[in-house]
Every structure is written in C-alpha cells, then in structure tokens.
Amino acid sequence: MYENNKTNKELERALRERSPEDESLIRSLANCDRRHFLKVSLKFAGMAAAAGVIQPHGFQLVSVANAAESSGAEPKVAFTFAYVSDSHLYARGMSHRFAKAARKAVEDGTALDPQRDFVLFGGDLAQLGRADELAFGQQILKEIKAPVKMMVGEHDWYLDLGAKWKEMYGPDRYSFDHKGVHFVVLNSVVEEDFWTAKGYTPEERMAIVAGLDDNRQSPFSVGAEQREWLKQDLAKVNKKTPLVVFSHSPLYKLYKKWNFWTDDAEQVQALLKPFQTATVIHGHTHQLLTNRIGNISFHGLLSTAWPWPYAPEGLPKYTVEMYRADPFNQLDGCGDGRVDVLANGQVNKHYNLWSRNPRTVTAAQLASNTIPGPRGYDGPSY
Ligand SMILES: [Fe+2]
Ligand SMILES: [Fe+2]
C-alpha cells in the first residue's frame, strides 16, 4: 500500500550496485520504516559521500520521492483557505457539545494571523434542517472574520427542500474566481423524489435522509440540470486555469449505502477532465479521505461533530488512514483544517485533528503515490 517498500528496494539496488561489499549498511537501510529511512538515509548519504563510497547524486535519486515531503522543493503557496464542515447543529444552545465544537473550529479560524483568504463551510450546518438550527449555525459562523463560502449538505436540505438555506445563503450552486483559480460550489445531494408516492411528511423525509444508511432514500447526485449549468460555467474557463470544485458528497463512488457516493460522478468527472489541474474538496464523509482519478484529486473534510468510521468497502489507496476514533473522547477524529493552493494550482490538504497530530496530504505525495501511512498508535494522548 505504501511507497516505503518501493523506495527501500530502490535504495537497496542502488547500494548493491555501488557498494556491494557493505552488506550491513545495505540491510539496515533496506529494512527500516520510512520515517526512520528518511532520517538514516540522509545521515548515511553524508557519511557515504564523504567516504567516497557513493556520489551524493545517487542518494538524491532514490530519495527524490520522499524529498517533496520535507525539502520545500514544491511550488510556493499562492494562497490558503480554511475549512469548517459538518457541524450538525441542534438548536439547543451553546452548552451542546456540537455547538461547542463548531465554535472551537470558528475560533481556530478566527485566531489565525494573517487571516485565510476565505473559509469554506462544507455542508451539514444543521442536523435536521430546521430554521432554528440553521439560524443558530449562522450565528456561530458570524464570528469568522474572513469571507465564508457556504455549501449545502443533505441535513440542511430535506426538511423544506432548501427553502430556508437558500433564503439565508443564496444559490446552492455558484462559481467564483480567486487569484487565478476558478472555484465551483455544487449541490451534490440532489435525490430523486422518494417521498411523494409514499406520502412521507417533510419531517419523515428529513429523518430518512439523515439516517445515512436508511435504504428508503435515493442516492445523491448532481443531476442533469446542474450538470448542464456546470458545463456552461466551465465552457468560459481556459483549461489551463486551475479548477477547484466544492461538493458535499465525494464526486466519485466509494460506498453507496452511506451515500459516500455521487450517482452521476462519472458524468461530472468528464466535465472536469479537460482541465490541466482539477481538485474536488468534499464534506459528508467526516474523515481523512483522499483519492485521485485521472487528473482529478479528491480530498475529504473533517467534521466538527463526529467522525464516521471508514466504509467497509475499503479506502482509496491515496488515503492517509487514521486509527479508529476513541468513542470516549468526543473530539477525537474531529477537527477542521486548511487548504494551501500552490502556484501551479495544485493543493496541499491539511487536517487539523483536535486530539491527534495534524496530518497533511501534499500534491507531490499524490502525484508520486508516496502517501504516508499510520505510524504506530496515532490516537489521543492523555
Ligand atoms: Fe455530515
Ligand atoms: Fe452529509
């Protein structure tokens, strides 16, 4: 799964070619884990080069896949935006734990100096789509000093089919340009009408959708009408312009039963395909989640309310896997984060996990498939 074995094998091969007599050095470097490998390889590179055993160039070749992680050789950061997502608020006042968590994320964002260019809210502001929940969420988000870009989630939508949300925040799909990057915000939680024929009330409809694995609902989609809008919007954009799309559900098919899924994902991806650089940032999955399909990179957002477990179907190989969240620590697996948009339009995704070490997935790691896996226990420390 991880690149460690590959890089170690390359290193072993290079050493055998250049220094076949030093079997112990070869064995110690070829068998160590990646973090240790990086540390030791740099140390031995210096020693070996100084002793004339190998050229420094040889180590650079085998270390190049890892170098992007720490060398600063990547393109410069052009700008940064922060994110808060999936707060699932009940209107039960600031003493409720979800409200406290949402405020914590807002405080993380507002404490930043300098301020990020904007803050993306990734959807599911409310738990049951009620007007008082949405208003409560709006009150909490008001503390954010940077401009806020709102995206809708299914929990905001299915009580009144978006009426209140749109009244508060405007259209559920829109695009904007920022510092040479074209951004698109989609409503990817469109469902076919499963309620009219069955006579479900708005509250029942909302409860069914909020149930996640309630099989009475339809799969999420972007829908034909919105795809046509997207097509028209993207037609005006030069294909060399970096493209970043925000969607609540992942714009690929991971696990249908939990709607970790967008039913017309392939058709949406086809619209993004002509772009030289395309990134999709999504909420809904409440976890560290990364994928890459063709030219498109996909990054999931953390929730402030709770972490979902990983789908039983497994994870895309690009994902930095987190150990199971501690059920006795309400903040474990939750958090917020930021996205650095690089000068070349690709992005580095930062997960600010509240009770664990922060994790980052860089564009260089995705491109070279050198995704750092878990290293021993990464859970909370008490
Ligand atoms: Fe959510
Ligand atoms: Fe959701």
Side-chain angles (χ1 to χ4, degrees), residues 83-91 96-99 101-102 104-106 119-130 133-134 136-137 140-141 149-162 164-165 169 172-173 185-191 194 205-223 226 245-263 265 280-289 298-311 322 325 330-337 351 353-354:
Y83 65 82
V84 178
S85 193
D86 291 270
S87 53
H88 292 268
L89 294 164
Y90 295 98
H96 191 273
R97 63 192 178 99
F98 290 176
K104 176 175 170 53
V106 166
V119 175
L120 164 70
F121 186 83
D124 288 349
L125 178 64
Q127 170 62 7
L128 295 170
R130 288 168 38 152
E133 294 173 350
L134 290 166
F136 185 46
I140 293 173
L141 296 183
K149 305 292 181 186
M150 291 299 293
M151 177 160 66
V152 76
E154 79 279 15
H155 286 255
D156 306 318
W157 195 259
Y158 280 93
L159 182 64
D160 60 5
L161 300 179
K164 188 67 191 172
W165 192 94
Y169 296 113
D172 52 328
R173 63 172 185 231
V185 183
L186 294 176
N187 175 353
S188 67
V189 297
V190 175
E191 296 197 17
F194 64 85
R205 175 178 61 208
M206 181 70 253
I208 288 168
V209 175
L212 192 72
D213 58 353
D214 189 315
N215 60 15
R216 288 174 291 176
Q217 66 177 308
S218 312
F220 290 161
S221 73
V222 169
Q226 199 176 186
V245 177
F246 299 144
S247 65
H248 183 66
S249 55
L251 289 180
Y252 59 95
K253 292 174 170 172
L254 181 60
Y255 188 57
K256 193 171 189 175
K257 282 185 178 169
W258 296 351
N259 263 328
F260 286 11
W261 182 276
T262 303
D263 219 37
V280 174
I281 309 276
H282 65 85
H284 187 64
T285 52
H286 298 205
Q287 59 195 213
L288 290 90
L289 188 61
F298 301 83
H299 296 278
L301 303 175
L302 296 173
S303 163
T304 62
W306 70 79
W308 285 122
Y310 284 130
M322 190 187 82
Q330 69 182 52
L331 296 183
D332 192 25
C334 297
D336 48 42
Y351 295 93
L353 287 152
W354 284 331

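Residues: numbered from 1 along the sequence shown. Fair warning: this is a prediction, and the values are worked out from it, not measured in the lab. Whatever order the structure lists them in is the order used to number ligands and atoms, beginning at 1.
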Exercise. Tell me, do Ser303 and Trp308 make a side-chain contact under 4.5 Å, heavy atoms counted?
Worked result: no
For this session: Quick one: sort the Trp306 and His286 rings into parallel, tilted or perpendicular, breaks at 30° and 60°.
Result: tilted
For this session: Would you check if Pro250 and Phe298 make a side-chain contact, meaning some heavy-atom pair closer than 4.5 Å?
Result: no
Exercise. Quick one: does Leu159's side chain get under 4.5 Å of Arg130's, heavy atoms only?
Worked result: yes
Exercise. Using a cut-off of 2.8 Å, how many protein N, O or S atoms lie below it in distance from the Fe ion (ligand 1)?
Worked result: 4
Exercise. For residues His284 and Asn259, is any side-chain donor paired with an opposing acceptor at under 3.5 Å?
Worked result: no
Exercise. Less than 4.5 Å apart, any side-chain heavy atom of His248 and any of Glu154?
Worked result: yes
